[in-house]
Amino acid sequence: MSLERIVSRVTSNQSRKLAEGHKAIANAIGYLDEQFCQVEDLQDEASPNFVEEVVTLFFKDSGRLMSNIEQALEKYPRDFNRWDTYMQQLKGSCSSIGASRMKNECMSFRDSCGQGNVEGCMRSFQKVKREHAVLRQKLESYFQLLRQAGPAGAATRPVM
């Protein structure tokens, strides 16, 4: 097989994987907003895994915050100020990476806190946890496909 054919196959394979990566991020549209694109803009050759590292830190931090919220809901029934404080921290983390659906559910939770609505808080928190799990799955798929596509894939950002 000639070098030209090998390069053509590799390029074709990378393009297919890149397209799959773009499809994965397209599936995440609605879960992410423009802030995610701004985080992607900060990635460069000096820090080629910057976005993935930021997202990994987000999931570590958000998991800790959600655990704190869950404990507060159990230990401090009807302590809406405490609940709201924890959820404000989680909302800020969501905003920083552009996790728009999670952020919206955090705002719903906070609205329920302001209304003194325990059931509303519980429902919203369950939705926050679901959105967190879905976002994690979508972003893991996205990063896996970008890694498979190689440097060309990492350098190309899909339009959101």
Side-chain angles (χ1 to χ4, degrees), residues 17-18 20-149 153-160:
K17 288 181 180 179
L18 183 57
E20 289 171 1
H22 284 205
K23 183 178 178 185
I25 199 66
N27 285 336
I29 292 177
Y31 288 87
L32 299 168
D33 61 23
E34 182 59 31
Q35 180 62 29
F36 185 78
C37 296
Q38 292 177 9
V39 171
E40 284 188 315
D41 287 343
L42 297 174
Q43 184 165 296
D44 59 17
E45 291 176 10
S47 54
N49 299 318
F50 178 76
V51 177
E52 190 169 4
E53 291 168 5
V54 168
V55 168
T56 299
L57 288 173
F58 164 76
F59 281 114
K60 181 179 178 182
D61 186 52
S62 60
R64 178 187 57 79
L65 290 169
M66 289 191 324
S67 178
N68 290 347
I69 293 166
E70 199 147 37
Q71 289 172 12
L73 292 171
E74 292 172 11
K75 287 183 180 180
Y76 306 103
R78 304 190 65 80
D79 189 344
F80 296 106
N81 288 331
R82 182 183 305 262
W83 299 355
D84 184 63
T85 298
Y86 285 136
M87 191 56 76
Q88 175 62 22
Q89 292 173 348
L90 181 58
K91 180 179 159 262
S93 291
C94 294
S95 294
S96 71
I97 69 150
S100 59
R101 285 180 65 159
M102 267 190 77
K103 180 185 79 175
N104 291 341
E105 289 305 331
C106 291
M107 291 184 336
S108 293
F109 180 98
R110 296 189 71 219
D111 289 344
S112 292
C113 282
Q115 298 165 3
N117 181 350
V118 173
E119 290 77 24
C121 289
M122 298 299 181
R123 270 192 312 274
S124 291
F125 186 57
Q126 292 307 312
K127 289 178 182 177
V128 166
K129 292 194 303 187
R130 274 194 304 273
E131 295 299 339
H132 185 265
V134 170
L135 181 62
R136 178 186 295 267
Q137 179 269 321
K138 288 183 179 298
L139 287 173
E140 283 174 354
S141 295
Y142 174 64
F143 289 123
Q144 180 181 10
L145 289 167
L146 284 180
R147 282 190 300 276
Q148 290 172 0
T156 306
R157 182 183 69 146
V159 177
M160 294 184 75

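Side-chain atoms are counted along with the backbone in the values below, which use heavy atoms only and exclude waters and symmetry mates. Starting from 1, each residue takes its place in the sequence as its number.
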Non-hydrogen atoms of Tyr86 and Ile69 that approach each other most closely: CB-CG1, 3.4 Å
Rounded to the nearest 0.5 Å, what separates atom CG in Leu32 from atom CD in Glu40? 8.5 Å
Please report the closest heavy-atom contact between Cys106 and Val128, naming both atoms and the distance. N-CG2, 3.9 Å
Please test Phe80 against Cys121 for side chain to side chain contact (heavy atoms under 4.5 Å, CB included), starting from the C-alpha separation and ending with a verdict. CA-CA 9 Å; Phe80 296 106; Cys121 289; 4.1 Å; yes
Point-to-point distance, once rounded to the nearest 0.5 Å, from CE of Met66 to CG of Asp61: 10.5 Å
d(Leu42 CG, Cys37 SG) to nearest 0.5 Å is 11.5 Å
Looking at Gln35 and Ser96, would you say the former's side chain and the latter's main chain have a donor-acceptor pair under 3.5 Å? yes
Test side-chain hydrogen bond (donor to acceptor under 3.5 Å, both in side chains), reference Ser62, set His132, Gln89, Arg136, output is His132
Let's go through Phe143 and Val51 carefully: what are the C-alpha distance in whole Å and the side-chain angles of both, what is the deciding distance for side chain to side chain contact (heavy atoms under 4.5 Å, CB included) to 0.1 Å, and is it a yes or a no? CA-CA 9 Å; Phe143 289 123; Val51 177; 3.7 Å; yes
Taking all non-hydrogen atoms of both residues into account, name the closest pair between Arg78 and Gly116 and its distance. NH2-O, 3.9 Å
Show the numbers, then the answer: is there a side chain to side chain contact (heavy atoms under 4.5 Å, CB included) between Lys127 and Phe109? CA-CA 9 Å; Lys127 289 178 182 177; Phe109 180 98; over 6 Å; no
Under 4.0 Å between a Lys/Arg side-chain N and an Asp/Glu carboxylate O for Arg147 and Glu52? yes
Evaluation steps, side chain to side chain contact (heavy atoms under 4.5 Å, CB included), between Leu135 and Phe59: CA-CA 10 Å; Leu135 181 62; Phe59 281 114; 4.1 Å; yes
If only atom types and distance count, is the side chain of Ser141 paired as donor or acceptor with the main-chain N or O of Gln137 below 3.5 Å? yes
How long is the span from the CD atom in Gln38 to the CG atom in Asp33, to the nearest 0.5 Å? 8.5 Å
Rounded to the nearest 0.5 Å, how far apart are CZ of Arg130 and CZ of Arg101? 10.5 Å
Report the distance from atom CZ of Phe125 to atom OG of Ser108, rounding to the nearest 0.5 Å. 14.0 Å
Donor-acceptor pair, side chain of Ser47 and main chain of Gln43, under 3.5 angstrom: no
Side chains of Phe58 and Leu139, heavy atoms from C-beta outward: is any pair under 4.5 Å? no
